Colleague: 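Supplied in structure tokens, the structure appears directly below.
A quick note: this is a predicted structure, and the numbers were derived from the prediction, not measured. Throughout, protein chains are lettered first and strands after them, A, B, ... in sequence-line order, and every chain is numbered starting at 1.
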Amino acid sequence: MNWNLSASEAINIQQKLFREVELCPCAVESISIVCGCDVSYRTNNGQIIGQAAVINWEIRERVVLEQKLAVQEVVFPYIPGLLSFREIPPLLSALDALEETPHILLVDGQGIAHPRRFGLASHLGLVLQKPTIGCAKSKLIGTYNEPARQKGSMEPLFHKNEQIGTVVRSRDKKKPLFVSPGHLIDHGSAVAIILKTLGKYRLPEPLRLAHHFSRNRPAENSTR
DNA sequence: GCGACAG
DNA sequence: ATCTTGTCGC
Ligand SMILES: [Mg+2]
């Protein structure tokens with residue numbers, strides 16, 4: 001699957017769907033399976049191949065339950081603000097392959113911290129009707145005060161006088177993460193989940209693992 | 001018009 | 001995101 005839309009058509013869809021996004025407290029303590037989602041790219045013969053990785057991670061034992069990789073052509077270009085139209089197709093393929101449905105999805109990108117409050121995590125959560133959290137490595141929009149340099153420090157991310165996310169220092173002295181609700185969750189619960197999934201690195205474990213796994217180069221089918 | 005700009 | 005080896009700071 002792949003969307004064949006113009007940028008303006010995609011924007012119209014976002015303006016139509018963002019109203020369905022719901023921000024609400026999430027039962028953090030009852031969550032056990034967090035699915036890390038990320039996509040890497042490479043080119044084949046002029047065509048762009050996307051490799052979507054999804055990893056179900058058990059939050060209590062902190063172990064991987066299962067991981068899937070979907071490899072397919074991606075046609076929608078990268079346009080700031082329209083990332084979901086490029087990454088959702090391959091991500092849905094990978095998620096379809098999972099044996100177990102996760103309780104919540106952790107996505108590499110923004111949730112509502114988006115010009116139209118409809119980033120990748122929000123779009124994916126709405127499609128799946130599942131709670132999602134956006135965790136980006138850099139900012140798309142908004143203003144904030146730099147969090148103190150020790151791990152755990154955080155500051156709200158604002159846009160037009162409303163909080164759209166939280167800037168979280170996941171490691172001492174390292175660049176902070178930009179956490180925002182995707183769908184069916186609120187700021188506090190989103191940050192709580194992120195903190196519970198952090199390990200020894202800057203990225204939450206489910207995302208760090210998905211990022212690495214997405215870079216796998218599957219063996220090709222022998223021509224015969 | 002100019003600068004910013006997830007992955 | 002991707003192209004890529006050594007190098008600097010903690
Ligand atoms: Mg990514």
Side-chain angles (χ1 to χ4, degrees), chain A residues 2-3 7-8 10-11 13-14 17-18 21 36-55 69-94 105-126 132-144 148-151 153 157-160 164-183 190 194 200-204 206-217:
Chain A
N2 255 322
W3 265 297
S8 60
I11 289 176
I13 290 175
Q14 295 182 321
L17 296 180
F18 93 97
V21 173
C37 311
D38 191 23
V39 183
S40 67
Y41 302 86
R42 63 185 164 82
T43 56
N44 200 86
N45 289 296
Q47 74 173 355
I48 301 174
I49 302 299
Q51 301 203 146
V54 294
I55 298 186
L69 185 70
V71 181
Q72 61 189 55
E73 179 179 13
V74 169
V75 299
F76 200 90
Y78 168 69
I79 300 173
L82 302 180
L83 178 65
S84 66
F85 294 91
R86 179 177 172 82
E87 304 206 332
I88 283 183
L91 282 176
L92 288 182
S93 298
L105 293 87
L106 222 185
V107 187
D108 181 33
Q110 315 290 348
I112 63 170
H114 178 279
R116 292 168 291 283
R117 305 293 183 269
F118 202 64
L120 172 59
S122 297
H123 197 162
L124 184 62
L126 195 60
T132 54
I133 298 172
C135 179
K137 299 179 291 302
S138 61
K139 183 193 74 173
L140 174 58
I141 60 165
T143 58
Y144 64 97
R149 55 180 178 290
Q150 53 267 58
K151 173 180 181 178
S153 300
L157 175 64
F158 291 102
H159 181 58
K160 294 182 176 178
I164 57 174
T166 307
V167 185
V168 181
R169 187 81 68 183
S170 56
R171 289 213 66 192
D172 278 30
K173 219 134 187 242
K174 286 330 190 187
K175 181 177 181 179
L177 299 177
F178 295 78
V179 181
S180 60
H183 184 47
I194 290 297
K200 305 174 182 175
Y201 307 88
R202 181 169 80 113
L203 296 182
L207 275 188
R208 189 181 71 83
L209 296 172
H211 181 66
H212 286 319
F213 188 48
S214 74
R215 312 247 321 162
N216 264 18
R217 180 64 194 268

Colleague: To the nearest angstrom, how far is A/Leu82 atom CG from C/dA1 atom C1'?
Modeller: 16 Å
Colleague: Is it the case that the side chain of A/His183 and the backbone of A/His123 share a donor-acceptor pair, with hydrogens and angles ignored and the cut-off at 3.5 Å?
Modeller: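 Between the backbone of A/His123 and the side chain of A/His183 there is no qualifying donor-acceptor contact (under 3.5 Å).
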Colleague: Measure the distance from CZ on A/Arg217 to C1' on C/dA1 and round it to the nearest whole Å.
Modeller: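 So the CZ-C1' distance, A/Arg217 to C/dA1, works out to 16 Å.
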Colleague: Under 4.0 Å, counting only non-hydrogen atoms across every strand here, what does A/Asp172 touch: a base, just sugar-phosphate, or nothing?
Modeller: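 Since no nucleic acid heavy atom lies under 4.0 Å of A/Asp172, the category is nothing.
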Colleague: Any side-chain N or O of A/Lys137 under 4.0 Å from OP1/OP2 of B/dA6?
Modeller: no
Colleague: Counting heavy atoms not belonging to A/Arg42, are there more than 12 under 6.0 Å from its CZ?
Modeller: yes
Colleague: Fit a plane to each ring of A/Tyr144 and A/Phe178, take the angle between them on a 0 to 90° scale, and name the class: parallel (under 30°), tilted (30 to 60°) or perpendicular (over 60°).
Modeller: perpendicular
Colleague: Would you check if the side chain of A/Ser84 reaches a backbone N or O of A/Leu120 as a donor-acceptor pair within less than 3.5 Å?
Modeller: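 No, the answer is negative, given that no donor and acceptor are paired below the 3.5 Å cut-off.
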Colleague: What is the distance from CD1 of A/Ile48 to C1' of B/dG7, rounded to the nearest Å?
Modeller: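 Atom-to-atom, A/Ile48 to B/dG7, this comes out as 12 Å.
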Colleague: Side-chain N or O of A/Ser40 less than 4.0 angstrom from OP1 or OP2 on B/dG7?
Modeller: no
Colleague: Rounding to an integer number of Å, can you tell me how far A/His159 NE2 sits from B/dA6 P?
Modeller: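 Taking NE2 of A/His159 and P of B/dA6, I get 14 Å after rounding.
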Colleague: Check whether any side-chain N or O of A/Arg42 sits under 4.0 Å from OP1 or OP2 of C/dC3, and answer yes or no.
Modeller: no
Colleague: I need the CD1-P distance between A/Ile141 and B/dG7, as an integer number of Å.
Modeller: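 Answer to the nearest Å: 14 Å.
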Colleague: What is the nucleic acid contact for A/Arg171, judged by heavy atoms within less than 4.0 Å: base, sugar-phosphate only, or nothing?
Modeller: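 It contacts nothing in the nucleic acid.
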Colleague: Please give, in whole Å, the distance from B/dA6 P to A/Asp38 CG?
Modeller: 15 Å
Colleague: Base, sugar-phosphate or nothing for A/Gly134? Non-hydrogen atoms, less than 4.0 Å.
Modeller: nothing
Colleague: From the list B/dA6, C/dT2, C/dC10, which nucleotide is the closest neighbour of the side chain of A/Pro80?
Modeller: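 Within the option list, the nearest is B/dA6.
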Colleague: Mind calculating the distance between CG (A/Leu140) and C1' (B/dA6) to the nearest angstrom?
Modeller: 5 Å
Colleague: Picking from C/dA1, B/dC5, B/dA6, which would you name as closest to the side chain of A/Ser138?
Modeller: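 Output: B/dA6.
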Colleague: Ignoring backbone atoms, test whether A/Tyr78 places a side-chain nitrogen or oxygen under 4.0 Å from the OP1 or OP2 oxygen of B/dA6.
Modeller: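 True: A/Tyr78 side-chain N/O within range (under 4.0 Å) of B/dA6 OP1/OP2.
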Colleague: Backbone N or O of A/Arg202 within a donor-acceptor pair of the A/Arg208 side chain at under 3.5 Å?
Modeller: no
Colleague: Given atom CD of A/Gln110 and atom P of B/dC5, what is their separation to the nearest angstrom?
Modeller: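 Interatomic distance, CD of A/Gln110 to P of B/dC5: 11 Å.
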